[in-house]
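Every number for a ligand or one of its atoms is a count from 1 in the order of the listing. Just so you know, these numbers come straight off a predicted model, no measurement behind them.
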Amino acid sequence: MKTRTLGTLTVSELGFGTMSFADMYGAAPDHAENIRTIRGAHDLGVTLFDTAEAYGPWANEELVGEALAPVRDEVVIATKFGWNIDPDTGERRPGLNSRPEHIARVADAMLKRLGTDHIDLLYQHRVDPDVPIEDVAGAVKELIAAGKVGHFGLSEAGAETIRRAHAVQPVAAIQSEYSLWTRDPEPEVLPLCEELGIGFVPWSPLGAGFLTGKVSAETIGTGDFRAASPRFQPAAMEANQRVVDLIKAIAAEKSATAAQVALAWLLARKPFIVPIFGTRRLARVEENLGAADVTLAADDLARIETALQTITIEGARLPEAVLQLSYR
Ligand SMILES: NC(=O)c1ccc[n+]([C@@H]2O[C@H](COP(=O)([O-])OP(=O)(O)OC[C@H]3O[C@@H](n4cnc5c(N)ncnc54)[C@H](OP(=O)(O)O)[C@@H]3O)[C@@H](O)[C@H]2O)c1
């Protein structure tokens with residue numbers, strides 16, 4: 001697979017997000033199958049794997065560490081700190097925690113869970129309004145100096161915060177939601193990434209599955225976080241079908257799937273963009289990687305843009321309480 005760079009970190013142009021193995025979309029398959037799927041993604045050429053302390057919590061990092069142990073030197077492991085998770089019990093407490101001493105302790109625990117001596121890319125999961133971003137960047141800088149961390153990233157951060165963090169410790173990647181139906185990073189964050197040489201990693205690049213055309217009210221089962229998402233309420237899904245119809249029409253022309261077109265659109269936006277899709281099925285990993293072979297020419301992109309301008313997406317991308325934590 002072709003590579004792209006996030007700051008100075010080289011990764012496959014499509015990365016694999018492993019959050020859904022932590023049952024976020026309902027129950028994941030069994031442990032052995034999950035290991036096979038993650039290893040299978042590497043066999044297919046993926047070198048960027050994304051996890052977080054909060055997925056599980058902890059269990060997802062353990063899974064990723066175990067799955068990638070045989071190929072540790074060939075892959076980039078990205079993980080994230082920042083939710084207020086008790087370091088002794090793993091209990092999730094309200095709010096965020098990016099205090100420097102907490103970051104240092106969490107990083108050591110991550111290394112153990114991942115079974116590695118270094119984290120290639122360490123993100124702050126959400127900006128903590130109680131801790132100046134300079135202190136967070138300083139804490140990660142110390143981890144980098146100690147050889148425990150390779151590169152620094154921020155997730156869902158606002159432009160001014162990114163600039164301040166970057167002045168203390170160069171930021172390799174910003175990870176925020178970005179896709180055909182969520183374009184919040186376009187006005188400020190993407191231009192800033194371009195200016196500062198920072199990579200951009202779109203999460204939920206398939207719109208948490210919606211943009212593949214395979215999601216309906218019936219497919220959202222127990223324990224699926226989308227049940228609480230405004231965009232996945234039945235009326236919103238019906239209204240938002242227009243964007244799926246658009247993607248499907250382009251897919252038909254390209255002999256591609258809707259998932260491939262959604263990812264190809266992101267790849268075509270900027271050369272420093274590396275989408276991380278998520279799936280619990282190896283066949284879909286293979287399908288999604290096929291996006292790299294789908295070419296959207298300038299006139300395709302212009303047509304998509306014109307059509308998107310006529311579509312209003314119904315429903316907020318996240319529940320209000322979670323949304324408030326973004327772009328600070
Ligand atoms: N920084 C943050 O705050 C943040 C937030 C959310 C996610 N993330 C990261 O981003 C990664 C990706 O997010 P995501 O998992 O929400 O992204 P996504 O790729 O937009 O959506 C995943 C959903 O799409 C379905 N899917 C995947 N490929 C498909 C295909 N070819 N056809 C039909 N359905 C398909 C999956 O179902 P199946 O599993 O059934 O295939 C799953 O329900 C996460 O794993 C995580 O690492 C970060």
Quick one: does [X] get an N or O within less than 3.5 Å of an N or O on ligand 1?
{"X": "Phe277", "result": "no"}
{"X": "Thr51", "result": "no"}
{"X": "Ser20", "result": "no"}

With a heavy-atom distance limit of 4.0 Å, tell me whether [X] approaches ligand 1 through its side chain, its backbone, both, or neither.
{"X": "Met19", "result": "both"}
{"X": "Asp50", "result": "both"}
{"X": "Glu156", "result": "neither"}
{"X": "His125", "result": "side chain"}
{"X": "Pro205", "result": "both"}
{"X": "Arg280", "result": "both"}
{"X": "Gln260", "result": "neither"}
{"X": "Tyr55", "result": "side chain"}
{"X": "Thr18", "result": "backbone"}
{"X": "Lys80", "result": "side chain"}

Check your understanding: Which pair of heavy atoms, one from Arg231 and one from Met237, lies closest together, and at what distance?
Key -> O-CG, 3.6 Å
When you measure from [atom] to every protein heavy atom, which one gives the shortest distance, and what is it?
{"atom": "atom 17 (O) of ligand 1", "answer": "Ser204 CA, 3.3 Å"}
{"atom": "atom 30 (C) of ligand 1", "answer": "Arg284 CD, 3.6 Å"}
{"atom": "atom 6 (C) of ligand 1", "answer": "Trp203 CE3, 3.1 Å"}
{"atom": "atom 14 (P) of ligand 1", "answer": "Tyr25 OH, 3.4 Å"}
{"atom": "atom 48 (C) of ligand 1", "answer": "Gln175 OE1, 3.0 Å"}
{"atom": "atom 28 (N) of ligand 1", "answer": "Asn288 ND2, 3.0 Å"}

Review point. Could a heavy atom of Arg226 be found less than 4.0 Å from some atom of ligand 1?
Key: yes
**Study point:** Glu177 to ligand 1, any heavy atom closer than 4.0 Å
**Key:** no
Practice item. Would you kindly check if the NZ (Lys) or CZ (Arg) of Arg92 is within the cone defined by 45 degrees around the ring axis of Trp83 and under 6.0 Å from the six-membered ring centre? Key: yes
Do [X] and [Y] have side-chain N/O donor and acceptor atoms under 3.5 Å apart?
{"X": "Tyr327", "Y": "Glu188", "result": "no"}
{"X": "Gln124", "Y": "Ser98", "result": "yes"}
{"X": "Glu53", "Y": "Asn60", "result": "no"}
{"X": "Arg317", "Y": "Ser204", "result": "no"}
{"X": "Thr116", "Y": "Arg72", "result": "yes"}
{"X": "Thr79", "Y": "Glu61", "result": "yes"}

Review point. Going through the checks in order, is the side-chain hydrogen bond (donor to acceptor under 3.5 Å, both in side chains) test met by Glu156 and Ser326?
Key: CA-CA 5 Å; Glu156 293 277 318; Ser326 291; 2.6 Å; yes
Revision key, fill the gap. Judged by heavy atoms only, the candidate from Gly209, Gly207, Gly278, Ala259 nearest atom 27 (C) of ligand 1 is Gly278
